[in-house]
Undergrad: 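Quick one: the structure is below, questions incoming.
Values reported hereafter were calculated over all heavy atoms of this structure, with side chains retained and with hydrogens, waters and symmetry mates removed. The sequence lines fix the lettering, A, B, ..., with proteins before strands; numbering per chain opens at 1.
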Protein chains: 2
Amino acid sequence: MTRSEENYLKSIFHLAEDNTSVSTNALAKKMKIKASSSTEMIKKLSEKGHVYYKKYKGVKLTKKGRLAATSIVRKHRLWEVFLVDKLGFSWDEVHEVAEQLEHIKSSKLTDELDSFLNYPKADPHGDPIPDSNGNIIDSKRQVLANVSIHANCICIGVNDSSKFFLKYLDKFKIKLGTKITVLNREFYDSSMTVLINNKKTSISKEVSNNLYVEII
Amino acid sequence: MTRSEENYLKSIFHLAEDNTSVSTNALAKKMKIKASSSTEMIKKLSEKGHVYYKKYKGVKLTKKGRLAATSIVRKHRLWEVFLVDKLGFSWDEVHEVAEQLEHIKSSKLTDELDSFLNYPKADPHGDPIPDSNGNIIDSKRQVLANVSIHANCICIGVNDSSKFFLKYLDKFKIKLGTKITVLNREFYDSSMTVLINNKKTSISKEVSNNLYVEII
DNA sequence: ATAAATTTTTAGTCTAGTCTAAATATTAAT
DNA sequence: ATTAATATTTAGACTAGACTAAAAATTTAT
Ligand SMILES: [Mn+2]
Ligand SMILES: [Mn+2]
Ligand SMILES: [Mn+2]
Ligand SMILES: [Mn+2]
């Protein structure tokens, strides 16, 4: 499998973790390539048995394709943990490097890394780490925006791993494990007033929609 | 820089660490490609200022090319240390994986890795690790074959990092740090009798030529 | 139900990196 | 100093993966 093939499979997986059908265009958009290119690659992946493909009907991962995809995701997230826990990277610095490291081919490496890191369940952004069979335990996470008033919750993940969002969170001292108490929600703009580190803070809907929390 | 360009520079470096001229053919042989391919790439590297090239006269690294090459070697060897010291790989398993890891682009990663590993001076095969400026402290290593009789020495490296040789050494419990006393040398086949771990062992010239030692 | 807009595919082109076969230059041998 | 052998370069072809432009299918709007 080439690096390019791996990236296509990973993108298809991310666009449809539930294994619904992914359109040529959606894939092209996600990968920042032209639709004609994704059509081409889809054909090749179909030949190789990684996806089901019917012209004009989009594409779905096969068992084999899904396993390949989750293997990449597993490596990506394990490396992110490594970078943060062992090398002192911050959570907004790891993604680009993990994009490279995820393509290293050595199951021994992946498994030893997993062990070295003490079998982490989630990456630095709270995303679950698939096991080597492609299984993902997805704790039904909910978004802060949907939490009812007066609830106490803990930040357990982010829905947007962009530098911009992560640095915003850093500024407000919000990280995984941070306790958040919902005080109020504005009808007008869906902004929320919350208590973080014993400080009242106002949070826009963009932010509350991108924070995963667990009620306690 | 593409992965391929990096591999060419690394090969040129290994063929001539002393920066003598490398022939098209030697490069092709080392990289297991055809001479025509190396000619092509040499031209491109020359365009980009990584090598000096005069038709029919072979190729030499420029300052810039040498720095690029040593950067790859630095990464290769640091990753090998990581794999052995942190992930429990044996010294005959690390090379293929390091061949992939050496192409990861992130100077922060490389430098943090170096720090995490406690600034190792040599990789698991005793090869020196270049610093980030491309400087290599090469302790003038000598080969066991050249050591005089009755000398006491310590194994500090191997000249052949192939699985075959490394596994041979494992079988005889020879590793970096192992003390070797030279007892005798046969005129006929240049084989040596040596004392290793208090056991008399006979060693062929192939082996003694591939073991670097330090006299104590 | 047709027409318009959108999505998807096809056809043809480009670059990187490889190859084979042929041409040319260099080196070694007579 | 020629000739033979070897090394190197050139020419032309191939594949992977991208692109643009145009054709075809599908979806949406009238
Ligand atoms: Mn990531
Ligand atoms: Mn992540
Ligand atoms: Mn190596
Ligand atoms: Mn090594």
Undergrad: Which nucleotides of nucleotides 2-9 of chain C have their base under 4.0 Å from a protein heavy atom (B), which only their sugar-phosphate (S), and which neither (-), written as one string 5' to 3'?
TA: -----SSB
Undergrad: In whole Å, I'd like the distance from the CD atom of B:Glu6 to the C1' atom of C:dA16.
TA: 15 Å
Undergrad: Nearest-Å distance, NZ (B:Lys29) to P (D:dA7)?
TA: 10 Å
Undergrad: Between B:Tyr53 and B:Lys43, is there a cation-pi geometry (under 6.0 Å to ring centre, at most 45° from the normal)?
TA: no
Undergrad: Atom NZ of residue position B:Lys55 - does it have more than 12 heavy atoms of other residues, nucleotides or ligands inside 6.0 Å?
TA: no
Undergrad: Does the pair B:His95 and B:His76 meet the rule for a ring pair (Phe, Tyr, Trp, His ring centres under 6.0 Å), with working shown?
TA: CA-CA 8 Å; B:His95 185 72; B:His76 183 105; 4.8 Å; yes
Undergrad: Starting at atom CD1 of A:Ile33, determine the distance to atom P of C:dT15, rounded to an integer number of angstrom.
TA: 19 Å
Undergrad: Whole angstrom is fine here: how far is it from CD in A:Glu47 over to P in D:dT15?
TA: 15 Å
Undergrad: Take atom CZ of A:Arg3 and atom C1' of D:dA18, then tell me their distance rounded to the nearest Å.
TA: 16 Å
Undergrad: At less than 4.0 Å, is any side-chain N or O atom of B:Lys34 found next to OP1 or OP2 of C:dT18? Yes or no.
TA: no
Undergrad: Of B:Asp131, B:Asp114, B:Asp123, which meets side-chain hydrogen bond (donor to acceptor under 3.5 Å, both in side chains) against B:Arg74?
TA: B:Asp114
Undergrad: I'd like to know if B:Arg66 pairs up with B:Glu17 as an ion pair, taking the criterion as any Lys NZ or Arg NE/NH1/NH2 lying under 4.0 Å from an Asp or Glu carboxylate oxygen.
TA: no
Undergrad: Between the side chains of B:Glu40 and B:Ser37, is a donor N or O closer than 3.5 angstrom to an acceptor N or O?
TA: no
Undergrad: So what does B:Ser4 hit on the nucleic acid, given a heavy-atom distance under 4.0 Å: a base, only sugar-phosphate, or nothing?
TA: sugar-phosphate
Undergrad: Rounded to whole angstrom units, what separation is found between the CD atom of B:Glu40 and the P atom of D:dA11?
TA: 10 Å
